[in-house]
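Inspection log for the structure reproduced underneath, given as structure tokens.
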Amino acid sequence: MRLRNLNTFIKVASLGSFHAAAQQLHATQPAISARINTLEEELGTQLFIRDKSGTRLSSRGVQLLPYAKKLLAISQEMKQQISDQNPQKGTLRIGITDTLANLYLSPLLKHWQQQHPLMSFELISDVTPTLTRQLQENQLDLALMVAGNNDQPELVTEPLCSYPQHWVATPERLAENPVTSIEELSHSPILSFPRDTRPWDYLQQLFRPLDETPVFHTCSSVANLLTLTLQGAGMALLPAPIVKEHLAKGMLVEFSPGPKPPELAFCACWRLDDDRILPQLLAQSGREIIITTV
């Protein structure tokens, strides 16, 4: 069913005349009649009654009219949404976990600005439990965060990326306190993300079998955790992209106290009841930026 034929049907119905519709649509009257005939054949019913008093809708035509208007309105809205000539306006609230913010916030924001130059972005960096709660309470429109602890049915979740985690320390600290086991590691201060985060939960599970657990110092900023590690304040389990450069320069040394740590996975989340396409579009473009920036 062609939209042009539906538009012609609406014009004839509103004007009550095939001739008037032809003038407004810059078409010949036979062309208008042909479009209506095609529509009637597709629907298997007569849409207009033409007699000496003029042209009026049949009962089936009256029934079709609101649907035809809805279809044309949806078509117009679709064109506006995807057209660069009609950029979207408004504010989008985006939460991003600190690791992703440290690695990708600048290229993400630049890309989103190019895609949606009239949109304002409110960016909030926090730990995943807080971002999840803010999504649930409708304080955020989109969150880029750690996967695994956010299996709430009211949220849509799509994977973003995943990174290995490395145990690291300064060469001086490892020289003073060599570590080849979990027991030896427990004698050193551990620098960690805050409690109830996925890295924290893993460390609690790792040290649970021991009689004595290590001293933990927590911080929500991965940049500050890295700085503390570089300054010899403790040993840390950090995502590979965060420590790659410092390992290459010899400022940090990787060590293995036992089981290989799990990869740290990240995801994009938005509310299931959010009928806007923009959060999903930003999540998809964000994944493309993250993949190409690695």
Side-chain angles (χ1 to χ4, degrees), residues 95-106 123-134 143-150 160-267:
I96 182 167
T97 193
D98 190 67
T99 296
L100 292 181
N102 189 272
L103 292 169
Y104 306 115
L105 187 56
S106 179
L123 302 171
I124 301 167
S125 180
D126 215 320
V127 294
T128 294
T130 301
L131 297 180
T132 302
R133 176 180 56 78
Q134 290 176 334
L144 310 181
M145 57 191 184
V146 176
N149 291 341
N150 40 284
L160 280 176
C161 56
S162 181
Y163 301 120
Q165 299 184 89
H166 297 319
W167 280 108
V168 293
T170 60
E172 295 78 14
R173 175 168 278 280
L174 277 179
E176 295 174 0
N177 301 287
V179 174
T180 58
S181 67
I182 299 299
E183 289 78 10
E184 292 174 345
L185 178 60
S186 68
H187 300 313
S188 297
I190 304 298
L191 304 173
S192 169
F193 290 96
R195 65 179 63 248
D196 297 328
T197 61
R198 193 162 183 80
W200 166 272
D201 291 342
Y202 169 72
L203 293 179
Q204 300 312 298
Q205 181 182 357
L206 183 67
F207 290 107
R208 187 170 293 125
L210 302 183
D211 294 331
E212 293 186 12
T213 57
V215 173
F216 287 93
H217 304 298
T218 63
C219 181
S220 61
S221 167
V222 70
N224 288 337
L225 283 177
L226 178 61
T227 298
L228 290 170
T229 308
L230 288 167
Q231 293 176 351
M235 300 182 177
L237 181 64
L238 295 173
I242 297 295
V243 298
K244 178 175 64 175
E245 180 181 346
H246 299 88
L247 289 173
K249 292 179 178 179
M251 301 168 68
L252 293 176
V253 177
E254 182 183 0
F255 63 93
S256 177
K260 183 178 179 181
E263 289 200 350
L264 193 59
F266 297 89
C267 65

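A quick note: this is a predicted structure, and the numbers were derived from the prediction, not measured. Positions are given from 1, in the same order as the sequence printed here.
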Within-4.5 Å side-chain heavy-atom neighbours: Ser188 and Glu176: no

Quick one: closest heavy-atom pair of Met251 and Pro171, and the distance? O-CD, 3.4 Å

When you compare the side chain of Leu103 with that of Ile242, does any pair of heavy atoms fall below 4.5 Å? yes

Quick one: CD on Glu254 to CG on Leu238, what's the gap to the nearest 0.5 Å? 11.0 Å

Test of understanding: with salt bridge (charged side-chain N to carboxylate O under 4.0 Å, His left out), list the residues that count as partners of Arg133, not counting sequence neighbours. Glu137

Is there a side-chain contact between Met235 and Leu185 (heavy atoms, below 4.5 Å)? yes

Minimal non-hydrogen separation, Pro178 against Glu184, with atom names: O-OE1, 3.5 Å

Using 0.5 Å steps for rounding, measure from the CZ atom of Phe216 to the CZ atom of Phe207. 5.0 Å

Hey, does His166 have a side-chain heavy atom less than 4.5 Å from the side chain of Leu247? yes

Tell me, do Phe266 and Thr128 make a side-chain contact under 4.5 Å, heavy atoms counted? no

Criterion side chain to side chain contact (heavy atoms under 4.5 Å, CB included) on Asn177 and His187, from CA distance to verdict: CA-CA 9 Å; Asn177 301 287; His187 300 313; over 6 Å; no

Heavy atoms only: give me the nearest Ala169-Thr229 pair and the separation to one decimal. CA-CG2, 4.2 Å

Backbone of Arg173 reached by a side-chain donor or acceptor of Thr170 within 3.5 Å: yes

Is there a donor-acceptor pair closer than 3.5 Å between any side-chain N or O of Ser162 and the backbone N or O of Glu263? no

Working for side chain to side chain contact (heavy atoms under 4.5 Å, CB included), residues Arg195 and Thr218: CA-CA 8 Å; Arg195 65 179 63 248; Thr218 63; 5.9 Å; no

What verdict does the side chain to side chain donor-acceptor pair (under 3.5 Å) test give for Thr227 and Gln231, after you've listed the backbone C-alpha separation in whole Å, the side-chain angles of each residue and the deciding distance to 0.1 Å? CA-CA 6 Å; Thr227 298; Gln231 293 176 351; 5.8 Å; no

Can you sort out the partners of Ser221 under side-chain contact (heavy atoms from CB on, under 4.5 Å), two or more places apart, ordered by chain and number? Asp98, Cys219, Ala223, Asn224

Considering all heavy atoms, the nearest Leu237-Pro261 contact: CD1-CG, 3.7 Å

Heavy-atom distance under 4.5 Å between the side chains of Leu226 and His246, does that happen here? yes

Side chain to side chain contact (heavy atoms under 4.5 Å, CB included) between Trp200 and Phe193, intermediate numbers included: CA-CA 6 Å; Trp200 166 272; Phe193 290 96; 5.5 Å; no

For residues Thr197 and Pro129, determine if any side-chain heavy atom of one lies less than 4.5 Å from a side-chain heavy atom of the other. yes

Could you report the tightest heavy-atom contact between Thr97 and Leu131, atom names first, then the distance? N-CD1, 3.7 Å

Leu252 side, atom CG; Lys244 side, atom NZ - distance, nearest 0.5 Å: 14.5 Å

Which atom of Ser192 lies closest to which atom of Leu225, heavy atoms considered: O-CD2, 3.6 Å

Spatial distance of atom CG (Leu206) from atom CD1 (Ile182) [nearest 0.5 Å]: 4.0 Å

Starting at OH of Tyr163, measure out to CG of Leu100 and round the result to the nearest 0.5 Å. 7.0 Å

